[in-house]
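To keep things clear, I will list the structure first and then write my remarks on it.
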Amino acid sequence: MGRAFTYVILGGGVAAGYAALEFTKRGVSQGELCIISEEPVAPYERPALSKGFLLPEARARLPSFHTCVGDNEERLTPKWYKEHGIELVLGTRVKSADVRRKTLLTATGETISYRILLVATGARALKLEEFGVTGSDAENVCYLRDLADANRIFDAMQSCPGGNAIVIGGGYIGMECAASLVINKINVTMVFPEAHCMARLFTPKIASYYEDYYKSKGVTFIKGTVLSSFDIDSDGKVTAVNLRDGSLLPADMVVVGIGIRPNTGLFEGQLTLEKGGIKVNGKLQSSNSSIYAVGDVAAFPVKLFGECRRLEHVDSARRSARHAVAAIMEPEKTGEFDYLPFFYSRVFTMSWQFYGDNVGEVVHYGDFSGSTIGAYWVSKGYLVGSFLEGGTKEEYEAIAKTTRLKPAIEDLGELERQGLGFALTV
Ligand code: FDA
Ligand code: NAD
């Protein structure tokens, strides 16, 4: 059995939702577009899973955070897809792709063919097993990538009020989940191998600002070591975590956030890969002209840096998806994707934004015992990155605009003296 569509979006996450919106804005006919997703629900704003979804009260639940609510656009509920004649093939994993024949084979045995394919398969969470630790399948060990994972964390929290959670990993998932666990009155210990949290982005000074805040909320940090094994009881539940430094931590639940791998498997050997993702050009088009890739799975040229990057953030997923659809529907009118990398997070009552690249020398500014801090990164004489915690809308817009302009910086001391004022006057 089989079906044929002009456009197929493979993956039903953030990028898929924004791509669908863009397709309708540019005009697709009834039955021309289909989205195939392993998840059983229509595309939703994944960032909600570590934030509003885990709140003890007024928690976010679908349908309130279907895409594209995060961008103050329409909220795309299943009804919306129906009204726009878009076929949602949910709860369906694609198990192989044949780019020469332009077909996808689903796990249910259906062949779906396309004229143009938009790959939006995102990424999967890395498992502890990949680092030689067993026990990930214990009922109180949680990862966080999709709705099912978020429900599992929620249930685990409910089952151990006032209990102990061990958070493995000091990146985005670790930091955001630790904050949510604390808000739910769970005692949190964070364990990660680096010298400070958010090592991929934060400087030691920025990291210690957040770590101090977390400590004031009762979080314990154990740094420079990793998990070596779990103690598991006869019910199959983890009761303690053993660390490589020899310590033993009693645990009622464990949350693991140790990074991701892009879902490229279907296309290995068929499309050119780079930086772990599907390599695309400035139109988000892969090495096969009928296939575009967007979001976490795509490695695209970032004009501002003059090199190809794979970004793992929601703004990049939303914008790359929209640009790819523009390039598909109106190739003559659509230029190259010119993206300013933008990352953000919200934890407790804190909120930060980062634009650009975190390379070169760093200049910090602001009151590190107060609520507004910031930093600039200067590389080869140009400002290339900006970070701000606790800014206003106008201030965030100013650091974004300044980073995009990439101004020449002659005097780092002067930049430090001016601090946020520099971005506000550029
Ligand atoms: P996404 O992962 O959203 O979607 C991929 C989809 O493809 C899934 O539906 C998956 O099931 C499907 N799929 C994969 N393989 C398939 C197959 N073979 N067959 C069928 N379907 C398949 N970013 C940020 O900037 N700020 C933030 O605050 C957060 N917060 C945040 C919280 C949490 C908990 C997570 C997990 C992630 C974030 N992020 C974030 C990152 C952000 O959510 C991420 O960059 C985007 O979701 C990427 O969108 P994609 O559409 O590329 O992948
Ligand atoms: P990450 O790359 O941010 O952090 C991974 C962390 O894992 C590292 O900081 C390190 O501390 C730790 N680690 C690595 N190997 C380890 C090991 N063997 N044992 C213990 N710890 C180890 O990845 P993540 O936090 O898992 O996040 C997953 C994805 O979700 C990322 O793509 C991230 O961008 C995305 N996300 C983004 C946001 C946001 O942008 N606000 C929020 C949540 C998730």
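When a ligand or atom number is given, it counts from 1 through the structure's own listing order. Just so you know, residue 1 is the first one in the sequence shown, and it goes up from there.
- With D315, L147, V314, T121 as candidates, the residue nearest to atom 23 (N) of ligand 1 on a non-hydrogen basis is V314.
- Remark: ligand 2 atoms within the under-4.0 Å shell around heavy atoms of R200 are 1 (P), 2 (O), 3 (O).
- Near G171, with a cut-off below 4.0 Å to any heavy atom, the atoms of ligand 2 are 3 (O), 4 (O), 6 (C), 9 (O), 25 (O).
- Note on ligand 1: S345 sits outside its first shell, no heavy atom being nearer than 4.0 Å.
- Taking a cut-off of under 4.0 Å to the non-hydrogen atoms of F192, the atoms of ligand 2 that pass are 11 (O).
- Using a 4.0 Å cut-off to heavy atoms of E312, the atoms of ligand 1 that qualify are 41 (C), 45 (O).
- Taking only nitrogen or oxygen atoms, main chain and side chain alike, S50 does not reach within less than 3.5 Å of ligand 1.
- Counting heavy atoms under 4.0 Å from ligand 2, residue E312 touches it through both backbone and side chain.
- For Y344, heavy-atom contacts with ligand 1 shorter than 4.0 Å involve the backbone as well as the side chain.
- The closest non-hydrogen atom to atom 38 (C) of ligand 1, taken over A42, G11, P47, comes from P47.
- Atoms of ligand 2 found under 4.0 Å from any heavy atom of V226, numbered from 1 in the order shown, are 17 (C), 19 (N), 20 (C).
- At a heavy-atom cutoff of 4.0 Å, ligand 2 is contacted by no atom of F343, backbone or side chain.
- Taking 4.5 Å as the limit, every side-chain heavy atom of I173 sits out of range of all side-chain heavy atoms of Y143.
- Using modelled atom types and a 3.5 Å distance limit, the side chains of E129 and S136 yield a donor-acceptor pair.
- For ligand 1 and E39, the ligand atoms under 4.0 Å from any heavy atom of the residue are 8 (C), 9 (O), 11 (O).
- A salt bridge does not link K401 to E397: none of the charged side-chain nitrogens sits closer than 4.0 Å to a carboxylate oxygen.
- Ligand-side atoms of ligand 2 in range of H313: 34 (O), 40 (O), range being under 4.0 angstrom from any heavy atom.
- Those atoms of ligand 2 that come under 4.0 Å of a heavy atom in Y344, given as number and element, are 39 (C), 40 (O), 41 (N).
- Closest to atom 37 (C) of ligand 2 by heavy atom, among F342, Y172, Y143, is Y172.
- Under a 4.0 angstrom heavy-atom cut-off, F131 registers as being in contact with ligand 2.
- Of the heavy atoms in I258, both backbone and side-chain atoms come closer than 4.0 Å to ligand 2.
- Ligand 2 places these atoms under 4.0 Å from at least one heavy atom of G257: 5 (C), 6 (C), 7 (O), 25 (O), 26 (O).
- Between L227 and ligand 2, a contact under 3.5 Å exists for no N or O pair.
- Between K205 and E211 there is no salt bridge, since none of the side-chain N atoms of the basic residue sits less than 4.0 Å from a carboxylate O of the acidic one.
- Here the side chains of L105 and E110 are not in contact, with every heavy-atom distance at 4.5 Å or above.
- Of all the heavy atoms of M175, none lies under 4.0 Å from any atom of ligand 2, so neither backbone nor side chain is involved.
- Among K51, R318, H313, the residue whose heavy atom sits closest to atom 27 (C) of ligand 1 is K51.
- Residue D296 places at least one N or O, backbone or side chain, under 3.5 Å from an N or O of ligand 1.
- Heavy-atom proximity to I168, at under 4.0 Å, picks out these atoms of ligand 2: 20 (C).
- A donor and an acceptor atom, one from each side chain of S229 and N242, are located under 3.5 Å apart.
- Nearest-residue assignment for atom 5 (C) of ligand 1 (options A16, A120, A15; heavy-atom criterion): A120.
- Judged by the shortest distance from any of its heavy atoms, P193 lies inside the 4.0 Å radius around the atoms of ligand 2.
- Heavy atoms of E176 found under 4.0 angstrom from ligand 2 belong exclusively to the side chain.
- Checking only distances, L144 never comes within under 3.5 Å of ligand 1, N or O to N or O.
- Closest heavy-atom contact between D137 and R152: O-NH2, 3.8 Å.
- Both the backbone and the side chain of I173 come within 4.0 Å of ligand 2, judged by heavy-atom distances.
- The shortest N/O to N/O separation between R145 and ligand 1 falls below 3.5 Å.
- Residues D338 and R404 are paired through a salt bridge, judged by an N-O separation under 4.0 Å between the basic side chain and the carboxylate.
- Assignment of I260 to the shell around ligand 2 is supported, since a heavy atom sits closer than 4.0 Å.
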